[in-house]
Amino acid sequence: MRKYQQLAEEIVKTVGGAENVLDLTHCMTRLRFQLRDDSLPNDEVLKQMDGIVSVMRSGGQYQVVIGNHVSEVYSEVTQLTKVGEKPTAPIIDKEIKKKKPFDAFIDVVSNLFQPILGILCAAGMLKGFNILFNAMGLYTADSGAYMIINAMGDALFMFLPVFLGYTSANKFKVQPFTGILIGLAMCYPAIQLNTLAATKEPLYTLFSGSIISSPVYLDVFGIPLIGMNYTSTVLPVIIVVYFASKVQRVLDKIIPSVIKFFIVPMLTVFISLTLGFLLIGPLANYGSELIAQGIFAVRDASPLVAGFLLASLWQILMVFGLHWGIIPVYINNITSLGFDNILTMAFATTFSQMAITLAIILKTKDKNLKALGIPAAVSALFGITEPIVYGITLPRKKLFIMSCIVSGIAGGFYGFYNFREFTFGGLGIFEFMTMFDPDNPGITNLMIGIIGVVFAMVASFVLTLFLFKDDKSKPSSDKTIEVSSIAESKPELKSEKKHTMQSPMNGEVIPIKEVQDEAFSQELLGRGIAIKPVTGELFAPFDGKIVTLFPTKHAFGLVSDEGMEVLIHIGFNTVRLKGKYFETFVQEGDVVKQGQKLAEFNIAEIEREGYSVETPMIVTNTDSYLEIIETKGKQVNAGDVLLTGLI
C-alpha cells in the first residue's frame, strides 16, 4: 500500500498541489481531476512516473490513466486532497467554459428540453386528437369534452415557462423551486400584455412604427415596463434563470449562513425578476421575433431549396447531435405563431429509414440482420430511428446517402407546399395528429404530409431492393468469421493454442484505434476492439469470473477460464452518470457462463444525456499473447467470435 501512497503524493504534487484540486472522481482505469488551474500540471513528468500509463485532457477534466489499481490510488489521493470537504459549485462553470460555444449551446438546449419531451409529446397528442375529433363532428368546440381535453393539452404550452424554469434551474444550478417561481411569475395573468391592453390605455409607445413597437401601460419607479406576453415563450425564462444563477452565487458568498436559507432565494427572485421584466424579457422577446423573421426570410426566399437542404441533412445532424439546435426554433414557432413549417420539412426522413429497413428484411438472407431490422422498423414507425441509422443504414453508406437524397426531395416538396404542424405531438405516425389546422377545417395540409411520406417510403423501398446486397464475406451459417479463417489470414503466426472471446453485445464493430478516447485508441491499456451497441444488453463473452465491477455499473473486469483478462467499458465518461440508466445482474467475484446476462443499459437515455455508448473491450494481458486478432465483420451479435488470442 505504501507504493500507492507514494504515487498519490507525486500525482498531487505534479497536478499543482491539493489546493489546485477542486474535485476528483475515478472510473475503471483513470483518475478524473477538476482543477482550479489546469495549466499547472506537468504532463510529461506524470507520463514518466511508474504506475501511470498516460495523461489526457478531455471534457474539462484532467485525466490520469492508472489501469487496474486506480481505486487504490484514488483512495490515497482523496486523503491528500480532502476533495469531499470542498464546495463543487464552481466546477459547473469551469466545465461549461471549456466547451466550444456551439457545443455549449447544444448541451444547454438538450438539457433544458429533454426532460419535458415526453410530456410535451403527450400534451400535443391530446391537442391533436381533440382537433381531429372536433373535425370529425364527434363534438363541438364549445362542448364540455372539447374544453376539458383542450385544458389537458394546452396547459403545458400556456405555462411552458414554468417547466423551463425548473429544467433551467437544474441546468444552471439554481434552487429548483426558485426556477419554478420565476416561471410562474412570468406567467402571472395581471402582467401579460393581453391583460394590460384589455384593462388600461397605454401611457405611450416605444419604437413606434417598427417591428418591435411596444406599448407601455405601467412604469416601475419611473422605468417603463414594456408590455409582453410571456405565456408559451421559451427564451425569456431561460435567460432570467441563468441570470438568477449568477445572482444566487454572489449572494451565497456574502449572506451570513444564519439567514441564508430564506434571504438568498428572496433576493435572487427579486433581483432577477425585476431586471427580467424591465430588460431581459423584452430583449429576449425581441430577439426571438427577429430570429424567427430571419429564418422565415431565408425559407421564403426558396422554400423548395430550404426544404431539400434541411431534410437531406437532418439525419447527419442527428448523428452528431446537432439537431438539438433546431428544436428551439420549432418550439418557438408553435408557441408564438401557432404553427411550424421549418422542422416539418424533415418529417419524411423517419419513414424513409423505415422503408429501407423493410426492404432489407424482405431481401436479406442474414437471420441476424432480419432479427435486428424488425424491432428497428417498429421503432421507426413511432419516430425513433437511431437503431436503424446506427445499426443498419450508416454502416451501409450507399443506403444512408440514398435516404438523405430521398428525404431531401420530400423536404423540398414540403417546403414548396408550405407543409405545417399546428401543435406538438407524438413522433412518427402520431405526428399526423398535429397537421389539422384548427382555424381552417379540412385535410389539405394532412394530405401534403401523407404524399411526402408515401413518396419517401416507395422511393426508399425500391432503391434499397436494387442497392442492397448481403455481405458476401459472411458464411452461410450466418456466423461472424470463425477463428480458423481469421488465423488463416496471418499464416506467419503458427500457434497450437488460441483463446477466444465472443461478442458480449449486438452492434457495429469499430476498430479500437478509431474510438474517441486516447487511452483506448492508443492501446495504452492493451489491444482490443469496440462495439457501437444497438441493444442495451451486455452478456458474458466467455466462461470465467467477474474480478472487477465498478460501482457505477458501466465497467467490468473479467478473466476467462483460459486466462484471458478483459476490460469492458460501456461508453465514454459514463462514470459521471453514477449508475443512472444501468442495471447489473452479477456481483464482483461471481463465476459466469458465456452468454449469461451481465447488465442492461438504456442507450437512448445515455445518449440524451450527451454520452457516447461506444464500448471498448480491451485484453489487458495482451503481452501474454503472440497476437490478438479481431473479427473482420462489420456487425456482430452476442455470441459471435470477436477476438482471438494466439499463444
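Since this is a predicted model, take the numbers as computed values, not measurements.
- Thr178 is listed as a side-chain neighbour of Val269, based on a closest heavy-atom distance under 4.5 Å.
- The ring of Phe339 has its center no closer than 6.0 angstrom to the ring center of Phe419.
- Glu605 has no carboxylate O lying under 4.0 Å from a charged side-chain N of Lys580, or vice versa, which leaves the two without a salt bridge.
- The closest side-chain heavy-atom distance from Val240 to Phe277 is not below 4.5 Å.
- In terms of heavy-atom proximity, Tyr217 sits nearest to Lys200 at CE2-O, 3.4 Å.
- Under the 30°/60° scheme for interplanar angles, the aromatic rings of Phe432 and Phe351 are found to be tilted.
- For Phe159 and Phe163, the ring centers sit 6.0 Å or farther from each other.
- The aromatic rings of Phe172 and Tyr242 lie perpendicular to each other, with more than 60° between the two planes, well past the 30° mark.
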- side-chain contact (heavy atoms from CB on, under 4.5 Å) between Val216 and Thr205, worked out: CA-CA 6 Å; Val216 174; Thr205 300; over 6 Å; no

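- The two residues Glu421 and Phe347 make their nearest non-hydrogen contact at OE2-CD1, 4.2 Å.
- Inter-residue side-chain proximity for Thr574 and Tyr581 is flagged as unmet; no heavy-atom pair is nearer than 4.5 Å.
- Looking at Ser407 and Thr349, their side chains never bring a donor and an acceptor atom within 3.5 Å of each other.
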- Query: How far apart are the C-alpha atoms of Ile271 and Phe243, what are their side-chain angles, what is the distance that settles it, and do they pass the side-chain contact (heavy atoms from CB on, under 4.5 Å) test?
  - Reply: CA-CA 9 Å; Ile271 295 170; Phe243 175 69; 4.2 Å; yes

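- Looking only at side-chain heavy atoms (C-beta outward), Met266 and Val264 stay at 4.5 Å or farther from each other.
- Of all non-hydrogen atoms in Lys553 and Gly579, the two that sit nearest each other are CD-O, 4.4 Å.
- Two residues are said to be in side-chain contact when any heavy atoms from C-beta on lie closer than 4.5 Å; Thr344 and Arg420 fail this criterion.
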